[in-house]
Amino acid sequence: MRFTFVTLFRPLMEGYFEDSILKRAIEKGLLSVDFLNPRDFTTDKHRKVDDTAAGGGAGMVMMPQPLDDALKHLKAESPEARIVFTTPVGKPFRQADAKRFASSQNHMVFVSGRYEGIDERIIELWADEVFSIGDYILTGGELPSLVMADAISRLVPGVLGNADSLSAESFETELLEAPSFTRPKSFHNLSIPSELLKGNHSKINALKKRLAIAKTKYFRPDRYLKSTQRESDEKSIY
Ligand code: SAH
């Protein structure tokens with residue numbers, strides 16, 4: 001999987017790939033990461049990338065031309081690249097999207113807006129997909145791009161040491177994952193549920209399922225309701 005980040009602020013992003021799992025994935029050749037700065041595609045001597053908003057209003061808007069030329073450059077080199085724009089008014093990015101990209105794409109491009117956002121015509125011309133990472137406004141698309149790239153990366157075969165850890169995770173079904181514990185058995189007088197320590201795997205799985213249901217009911221009643229609509233989950237609840 002190759003990721004290209006189109007951003008005015010490369011230094012905000014590159015550190016994320018310089019440690020831990022993603023660093024190792026790059027070293028193993030499972031991931032590669034590069035950056036493209038729209039400022040390198042400006043044509044005026046001030047290397048201007050933003051301009052005042054048409055119709056007035058506060059703030060600056062990212063101009064179409066530098067982004068257009070940057071994306072043309074990229075597509076000429078990599079015609080199959082999938083171009084994703086970040087915007088708070090996009091569709092919500094979900095685990096299912098991360099899975100779809102991890103299994104169907106080799107080259108993902110993430111475009112980060114700044115200021116008041118990007119001239120809408122560039123999104124219209126270039127976006128294969130447009131995503132938001134949640135209902136709040138950030139200062140730029142760099143974090144959303146990293147969030148999506150991270151979620152996709154860990155689904156690329158070989159990136160996580162233990163592929164089994166993926167199957168029981170939250171968002172694989174409507175239910176969230178059961179809470180996790182590690183040693184010591186008792187911490188500040190709080191014990192690990194004793195069934196987890198006895199080694200009976202069918203009992204452990206049944207307990208994990210009950211805990212997953214309790215957690216989902218509490219934190220995400222919307223997902224719990226959906227899960228009760230599924231026959232397979234219903235059976236194990238009752
Ligand atoms: N004025 C815009 C917000 C611009 S925020 C509005 O009200 O809709 C500037 C940039 O940050 C956006 O272009 C986008 O790239 C990024 N951004 C901010 N919040 C985001 C979110 N929740 N999800 C995805 N991208 C976001």
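Within a 6.0 Å sphere centred on CZ of Arg2, other residues, nucleotides and ligands contribute more than 12 heavy atoms. Under a cut-off of 6.0 angstrom, the local environment of CD in Glu80 is sparse, with at most 12 non-hydrogen atoms contributed by other residues, nucleotides or ligands. Within a 6.0 Å sphere centred on NZ of Lys75, heavy atoms belonging to other residues, nucleotides or ligands number more than 12. Around atom CD of Glu124, no more than 12 heavy atoms belonging to other residues, nucleotides or ligands sit under 6.0 Å away. Counted within 6.0 Å of NZ on Lys185, heavy atoms from surrounding residues, nucleotides or ligands total 12 or fewer; the atom is thus considered open. Within a 6.0 Å sphere centred on NZ of Lys91, heavy atoms belonging to other residues, nucleotides or ligands number more than 12. Summarising the local packing, CG of Asp135 is surrounded by 12 or fewer heavy atoms from other residues, nucleotides or ligands at distances under 6.0 Å.
Side-chain contact of Thr42 with Asp40: a donor-acceptor pair under 3.5 Å is absent, judged by distance alone. If you check the side chains of Thr86 and Ser112, you find no donor sitting under 3.5 Å from an acceptor.
The minimum heavy-atom distance between Lys215 and Glu177, with the atom names listed, is CD-O, 3.7 Å. Residues Pro66 and Lys48 come closest through the heavy atom pair CG-O, 4.1 Å. Here the closest heavy-atom approach between residue His107 and residue Ser78 is recorded as ND1-OG, 2.7 Å. In this structure, Gly90 and Ser132 approach most closely via the heavy-atom pair O-CB, 3.6 Å. Annotation for Ala151 and Phe93: closest pair CB-CE2, 4.0 Å, computed over non-hydrogen atoms. The heavy-atom pair separating Pro38 from Val49 by the smallest distance is C-CG1, 4.3 Å.
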Original post:
Stepwise, does the salt bridge (Lys or Arg N to Asp or Glu O under 4.0 Å) test hold for Lys208 with Glu195?
Top reply: CA-CA 10 Å; Lys208 281 189 173 174; Glu195 209 67 76; over 6 Å; no

Original post:
Hey, mind stepping through Arg114 and Glu142 against side chain to side chain contact (heavy atoms under 4.5 Å, CB included) and telling me if it holds?
Top reply: CA-CA 9 Å; Arg114 276 269 151 181; Glu142 285 76 12; 3.0 Å; yes

Subject >> Step-by-step side chain to side chain contact (heavy atoms under 4.5 Å, CB included) determination, Gln95 to Leu155 >> reply: CA-CA 10 Å; Gln95 185 70 11; Leu155 299 174; 3.8 Å; yes

**OP:** Could you give me the CA-CA distance, side-chain angles and deciding distance for Ser202 and Asn200, then say whether side chain to side chain donor-acceptor pair (under 3.5 Å) is met?
**Re:** CA-CA 6 Å; Ser202 66; Asn200 178 332; 3.2 Å; yes

**OP:** List the steps and the verdict of side chain to side chain contact (heavy atoms under 4.5 Å, CB included) for Met1 and Asn106.
**Re:** CA-CA 5 Å; Met1 176 66 79; Asn106 298 315; 5.7 Å; no

Subject >> Met108 and Thr4: CA distance, side-chain angles, deciding distance, side chain to side chain contact (heavy atoms under 4.5 Å, CB included) verdict >> reply: CA-CA 6 Å; Met108 299 289 306; Thr4 299; over 6 Å; no

Original post:
How far apart are the C-alpha atoms of Asp97 and Arg100, what are their side-chain angles, what is the distance that settles it, and do they pass the salt bridge (Lys or Arg N to Asp or Glu O under 4.0 Å) test?
Top reply: CA-CA 5 Å; Asp97 299 303; Arg100 176 165 57 84; 2.9 Å; yes

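Note that the CD1 atom of Ile133 and the CZ atom of Arg94 stand 13.0 Å from one another [nearest 0.5 Å]. One finds the CD1 atom of Ile83 at 10.5 Å from the CG atom of Leu125 (value rounded to the nearest 0.5 Å). Note: Phe17 CZ to Lys23 NZ = 14.0 Å, rounded to the nearest 0.5 Å. Rounded to the nearest 0.5 angstrom, Ile26 CD1 and Phe3 CZ are separated by 9.0 Å. Rounded to the nearest 0.5 Å, atoms CZ (Arg121) and CG (Leu67) are 12.0 Å apart. The line from CG of Leu211 to CG of Leu175 is 11.5 Å long, rounded to the nearest 0.5 Å.
Placement of Met148 and Phe171 in two distinct hydrophobic clusters is found when ILVMFWY residues are connected by side-chain heavy-atom separations under 4.5 Å, directly or transitively. Both Leu36 and Leu71 are assigned to one and the same hydrophobic cluster, defined by single-linkage of ILVMFWY side chains at heavy-atom distances under 4.5 Å. Connection of Leu225 to Tyr218 is not established within any shared hydrophobic cluster, with ILVMFWY side chains joined at heavy-atom distances below 4.5 Å, either directly or through further cluster members. Val109 and Leu8 fall within the same hydrophobic cluster, defined by Ile, Leu, Val, Met, Phe, Trp and Tyr side-chain heavy atoms under 4.5 Å apart, directly or through other members. Cluster annotation: Val159 is connected to Leu166 through the hydrophobic network of ILVMFWY side chains, with a link wherever side-chain heavy atoms come within less than 4.5 Å.
Applying the ring pair (Phe, Tyr, Trp, His ring centres under 6.0 Å) rule to Tyr16 yields no partners; only residues at least two apart in sequence or on another chain are considered.
A salt bridge is defined here as a Lys NZ or Arg NE, NH1 or NH2 lying under 4.0 Å from an Asp or Glu carboxylate O, and Glu77 with Lys72 fails to meet this definition. With respect to Arg154 and Asp150, no salt bridge is recorded, no charged nitrogen being found less than 4.0 Å from a carboxylate O.
Here the side chain of Arg223 pairs a donor or acceptor atom with the backbone of Thr173 at under 3.5 angstrom.
Side chains of Leu207 and Pro193 form a contact here, defined as non-hydrogen atoms less than 4.5 Å apart. At least one side-chain heavy atom of Pro144 sits under 4.5 Å from a side-chain heavy atom of Leu138. Between Asn37 and Thr7, the closest side-chain pair of non-hydrogen atoms is not below 4.5 Å. A 4.5 Å side-chain heavy-atom check between Thr87 and Ile118 finds every atom pair outside the cut-off.
Residue Trp126 is tested with Asp128, Ile122, Ile123 for a side chain to side chain contact (heavy atoms under 4.5 Å, CB included); the sole match is Ile122. Screening Thr43, Asp119, Asp44, Asp51 against Gln65 for a side chain to side chain contact (heavy atoms under 4.5 Å, CB included) leaves a single residue, Thr43.
Between Phe110 and Phe35, a ring centre-to-centre spacing not shorter than 6.0 Å is recorded.
Judged by the 6.0 Å distance and 45° axis criteria, Arg82 is not positioned over the aromatic ring of Phe101.
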